[in-house]
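The structure under discussion appears below in the form of structure tokens.
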Amino acid sequence: MIKRSEYRGCVKANVLKEDWDTALAQTKTLVQEQKEQNKVLTVCLYQHKNMLFLYMETLQEGICPETLLAPLAPYMEQWPEENGLTPWAPMYHIYHHSIPGDVSEWVKERASNENRIGRIAFLKPEKLFSYTYWHYAIVQEGLLKGDKYQYISLHENVLFSYFEEPRHNVNITGKEEESKVIDGWMAVDPESHFDREKACGNNFLVIDPILLV
């Protein structure tokens, strides 16, 4: 069973570059070992300023970023979550176009690591629930086509979107029918939902990958 998940983290201020680079190298080694043991399919980490965004596909229960990315923890802030402090805040998943099944079927269109893209967006607070409502509705309908690997999650008012290129457009149901829910989303003015100033003039801002396994 393939489990997909996304997390948000925050790098502490004044972390030395050489210390961070060493921790990243150690983390990459750990992740590669887990991949060779068929415990994970892919782990992708992105950074924007002090913010970190993590996309994971795992194959076994109990694999968590606190363990998998342990070398990074000393250099990260702690989030106050329901079960205590953690360096990795779980993001709430709200959008996808495909549900993973068999591993070989899932990865057959997958390209090289360099084509695994991370983007972020900032929602206006008053538009947060509108965005969530319509994207949940699109997923429930299951007709709108988009990238097989796309996965969007939310933490606070920050969206993290993962996708891969070249895009392989599919939908959840597999039916060749037009989405009706998308008309409702377009009617509420999608552009009005985004704080483009925070995203450098974009709705979704592509951010730098710092670990791709």
Can you measure from [atom1] ([X]) to [atom2] ([Y]) and round to the nearest 0.5 angstrom?
X: His155; Y: Arg8; atom1: NE2; atom2: CZ; value: 6.0 Å
X: Thr29; Y: Gln34; atom1: OG1; atom2: CD; value: 12.0 Å
X: Ser98; Y: Asn169; atom1: OG; atom2: CG; value: 11.0 Å

Flag side-chain contact, heavy atom, 4.5 Å: [X] against [Y]:
X: Thr67; Y: Ile63; result: no
X: Pro190; Y: Trp185; result: yes
X: Thr58; Y: Lys39; result: no
X: Cys10; Y: Met51; result: no
X: Tyr149; Y: Trp106; result: yes

Partners of Thr86 by side chain to side chain contact (heavy atoms under 4.5 Å, CB included), sequence neighbours excluded?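 For Thr86 the side chain to side chain contact (heavy atoms under 4.5 Å, CB included) partners, ignoring immediate neighbours, are Glu66, Trp79, Glu81, Trp88.
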Given the side-chain rings of Phe53 and His48, with only the six-membered ring counted for Trp, is the space between their centroids under 6.0 Å?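 For Phe53 and His48, the ring centres are not under 6.0 Å apart.
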Could you pull out every donor-acceptor pair under 3.5 Å between side chains of residues 201-213 and any protein atom, sequence neighbours left out?
unit_1, atom_1, unit_2, atom_2, d
Asn202, ND2, Ala199, O, 2.9
Asn202, ND2, Cys200, O, 3.2
Asn203, OD1, Arg196, NH1, 2.8
Asn203, ND2, Glu191, OE1, 3.4
Asn203, ND2, Glu191, OE2, 3.0

Please assess Lys145 against Glu176 for the test salt bridge (charged side-chain N to carboxylate O under 4.0 Å, His left out), listing each intermediate value before the final yes or no. CA-CA 9 Å; Lys145 286 191 173 183; Glu176 292 294 332; 2.9 Å; yes
Inter- and intrachain pairs under salt bridge (charged side-chain N to carboxylate O under 4.0 Å, His left out), touching residues 95-109, at least two apart: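 Every pair satisfying salt bridge (charged side-chain N to carboxylate O under 4.0 Å, His left out) with a residue in residues 95-109: Glu105-Lys108, Glu109-Lys148.
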Which is it for Glu6 and Tyr92 under the side-chain contact (heavy atoms from CB on, under 4.5 Å) test, yes or no, and what are the steps along the way? CA-CA 8 Å; Glu6 292 181 330; Tyr92 297 98; over 6 Å; no
Shared hydrophobic cluster, Phe163 / Tyr55 (ILVMFWY, side-chain heavy atoms < 4.5 Å):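 Different hydrophobic clusters.
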Is there a path of hydrophobic side-chain contacts, each under 4.5 Å between heavy atoms, that joins Met91 and Leu54?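 No, it is not one cluster - the side chains of Met91 and Leu54 are not joined through contacts under 4.5 Å.
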Regarding Arg119 and Tyr46, do their side chains bring together a donor and an acceptor under 3.5 Å, going by distance alone?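 Side-chain D/A pair, Arg119 to Tyr46: absent.
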Passing option when Tyr162 is tested against Met56, Arg116, His96 for side-chain contact (heavy atoms from CB on, under 4.5 Å):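 Only one of Met56, Arg116, His96 forms a side-chain contact (heavy atoms from CB on, under 4.5 Å) with Tyr162, namely Arg116.
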Would you mind writing out the side-chain donor-acceptor pairs for residues 15-26 within the sub-3.5 Å range, not counting sequence neighbours?
unit_1, atom_1, unit_2, atom_2, d
Lys17, NZ, Asp21, OD2, 2.6
Thr22, OG1, Glu18, O, 2.9

What I want to find out is whether Arg110 reaches Glu164 closely enough, with some N-O distance under 4.0 Å, to be called a salt bridge.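 Salt bridge: yes.
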Answer yes or no: does atom [atom1] of [X] have more than 12 heavy-atom neighbours from other residues, nucleotides or ligands under 6.0 Å?
X: Lys35; atom1: NZ; answer: yes
X: Gln140; atom1: CD; answer: yes
X: Lys3; atom1: NZ; answer: no

Name each donor-acceptor pair under 3.5 Å that joins a side chain in residues 129-139 to protein atoms two or more places apart or in another chain, with its distance.
unit_1, atom_1, unit_2, atom_2, d
Ser130, OG, His193, NE2, 2.8
Tyr131, OH, His135, NE2, 3.3
Thr132, OG1, Leu128, O, 3.0
His135, ND1, Tyr131, O, 3.0

Taking Asp183 for its side chain and Ala187 for its backbone only, find out whether a donor-acceptor pair lies under 3.5 Å.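 No: the side chain of Asp183 does not pair with the backbone of Ala187.
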How would you list, by chain and number, every residue that makes a salt bridge (Lys or Arg N to Asp or Glu O under 4.0 Å) with Lys49, sequence neighbours excluded?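 None.
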